[in-house]
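This report refers to the structure that appears directly beneath it.
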Amino acid sequence: MSLSWLPLFLVLLSLLGGTQGAWNLRQIRNKLHRQQQAESFKSFYTRFGLPRGALSYTTALEGYLTQPLDHFNRRNNATYRQRYWINEAFWQRPGGPVFLYIGGEGSLSEFSVLSGEHVEMAQKHQALLVSLEHRYYGASINEDGLTLEAIRFLSSQQALADLASFHLFISQKYNLTRNTWICFGGSYPGSLSAWFRLKFPHLVYAAVASSAPVRAKLDFTDYNKVVGHSLSDPVIGGSAKCLDLIRRGFQRVDSLLKLGNVTQLEKDFFSCEALRGPDDFSEFVSNLADIFMGAVQYNGEIKGNDVQGLCQIMTTEGMKSAYEGLKKVNKAYMEATALKCVENSYQKSVEDLNSTKINPVGVGERQWYYQTCTEFGYYQTCEDSSCPFSPLITLSSQLALCPRIFQIPLESVQKSVQFTNEFYGSNHPKSSRIIFVNGDIDPWHALSVLKNQSHSEVAIFINGTAHCANMSPSRPNDPPSLQKAREEIAVQVANWLKSARRDVEIAGP
């Protein structure tokens with residue numbers, strides 16, 4: 001069976017997917033990032049159409065804003081140029097609302113203001129669409145930005161200050177006065193969306209935070225607990241048999257590693273090089289586990305991208321063993337991603353993360369790992385007995401990269417995680433006018449807000465959907481639970497805008 005869905009689903013892994021540092025994901029993310037943009041192009045023009053003979057029905061305006069490198073030290077005069085996009089097509093001048101789409105740990109394209117749930121709502125409410133690329137990602141970085149000296153100005157706090165500065169820039173550019181701003185984001189940008197409302201309530205009226213892991217967590221063992229539960233869930237095509245076979249397959253892999261029979265593993269799973277010790281062993285099992293983690297995280301968001309497809313391979317009648325099932329899953333993955341071999345070298349991963357070469361397209365791997373070391377943790381481990389993969393996916397192996405790559409002491413990582421939760425409020429942020437949207441299949445929901453915090457800080461939990469599912473353009477074949485959730489979001493946004501207009505009328509001229 002072919003895993004034809006893999007190239008599309010792995011695009012989405014740019015948003016916190018998979019274990020940290022797995023090579024076979026890093027090598028294809030930039031290529032698949034471009035495929036995602038192509039899908040956005042298709043969805044936009046399918047929905048909104050083009051005038052006959054025209055190629056620019058809606059043109060997104062690209063620009064750069066000069067920002068302070070350090071917003072919190074005005075004696076530091078260093079700056080960088082931050083990229084933004086604007087779509088004026090739907091805007092009712094001059095009083096229409098402003099919808100802000102927040103960028104995250106990858107480059108941001110024009111489709112951030114051309115396609116998606118927020119764009120559909122912008123058309124309905126005649127909103128100005130703007131988006132801001134995250135500092136240090138994409139084209140929003142200085143030439144020396146990835147050096148140890150320069151990367152220290154990368155943080156969520158600096159990113160929020162960038163958003164405040166961008167708010168001022170857009171307000172001045174369009175002479176906005178009392179226009180209502182609503183921000184949108186998914187995954188890490190979903191957290192930023194909630195935090196922007198939390199920290200700057202005078203600037204943004206409301207926020208939609210999709211799949212937002214607002215609770216920082218050093219050892220994110222719950223990630224694979226959700227993965228295991230989903231792989232056994234018959235509602236989405238999983239089964240207890242499937243989960244058991246996956247677990248037994250990884251146990252066989254661990255047994256071969258323990259016995260030192262790595263030559264068989266290198267051959268069976270097409271390793272590019274020989275496995276040379278414990279670090280390579282950890283890299284190897286992480287690469288293999290990522291296939292299953294990703295299928296769960298984005299289950300059903302793209303046709304064929306589901307737990308059912310993987311479980312069909314693992315439970316095929318006549319399969320000689322669970323180990324053979326893992327081999328077939330890995331081979332199908334390689335075929336779908338045009339890989340001739342899988343790079344399992346830990347040293348190669350270290351070299352990649354040590355590289356300070358700027359890549360303006362795709363996901364910023366070095367930058368994001370730096371943020372896990374200095375703010376969030378989020379290390380997806382498998383040392384808990386409920387994890388169906390290998391216990392070689394450890395916290396210590398992932399933490400070790402913080403001092404090795406960034407000279408960050410191990411003890412400071414936990415302190416940074418604790419501070420992040422203190423600063424933002426973890427999953428009890430005590431704010432208002434925020435919608436937290438999560439899917440129950442998405443492993444990241446374990447770090448989000450799942451219950452209403454107040455009458456205006458509400459949670460929407462979507463059965464049968466995964467990571468950021470609500471953010472995609474609507475489709476006729478969307479499951480009823482997703483359609484219902486989108487309706488709830490749309491109603492809430494409409495009510496916010498109505499409430500904001502009423503507030504303006506009460507305030508008077």
Charged N to carboxylate O under 4.0 angstrom, Asp222 versus Lys217? no

inquiry  = Please tell me whether His118 and Phe99 form a close aromatic pair, meaning their ring centres lie under 6.0 Å apart.
reply    = no

Sequence neighbours excluded, the answer for salt bridge (Lys or Arg N to Asp or Glu O under 4.0 Å) partners of Glu383 is none

Between Ser397 and Leu392 the two heavy atoms that sit nearest each other are OG-O, 4.3 Å

One should read off an interatomic distance between Asn142 CG and Phe153 CZ, to the nearest 0.5 angstrom, of 10.5 Å

Tell me whether Lys430 is salt-bridged to Glu457, with the criterion being a basic N under 4.0 Å from an acidic carboxylate O. no

Hey, can you tell me if His134 and Tyr188 have their rings parallel, tilted or perpendicular (30° and 60° cut-offs)? tilted

Of all heavy-atom pairs linking Ser211 and Ala466, the shortest is OG-O, 4.3 Å

Residue pairs meeting side chain to side chain donor-acceptor pair (under 3.5 Å), one or both in residues 403-415, sequence neighbours left out, come to Gln347-Arg404

Rounded to the nearest 0.5 angstrom, the OG1-CG distance for Thr372 and Leu401 is 8.5 Å

With the threshold set at 4.0 Å, does a side-chain nitrogen-carboxylate oxygen contact exist between Glu488 and Lys484? yes

- Task: Assign the ring pair Phe461 / His445 to parallel, tilted or perpendicular, where the plane angle (0 to 90°) is split at 30° and 60°.
- Result: perpendicular

Exercise. Can the ring centroids of Tyr379 and Phe220 be said to lie less than 6.0 angstrom from one another?
Worked result: no

Item to complete: Kindly determine whether Arg178 and Asp503 satisfy salt bridge (charged side-chain N to carboxylate O under 4.0 Å, His left out), including the steps that lead there.
Response: CA-CA 10 Å; Arg178 291 188 287 182; Asp503 291 346; over 6 Å; no

message: With a sphere of 6.0 Å drawn around NE2 of His202, does it hold more than 12 non-hydrogen atoms of other residues, nucleotides or ligands?
response: yes

Over-ring placement of Arg93 relative to Tyr174, 6.0 Å and 45° cut-offs: no

The reported gap from CD1 in Ile408 to OH in Tyr370 (rounded to nearest 0.5 angstrom) is 5.5 Å

Side chain to side chain donor-acceptor pair (under 3.5 Å) pairs touching residues 155-169, sequence neighbours excluded, are Gln67-Ser165, Asp70-Gln158, His71-Asp162, Tyr80-Asp162, Arg135-Asp162, Ser156-Glu375, Ser156-Tyr424, His167-Trp181

Please find out if less than 6.0 Å separates the ring center of Tyr378 from that of Tyr223. no

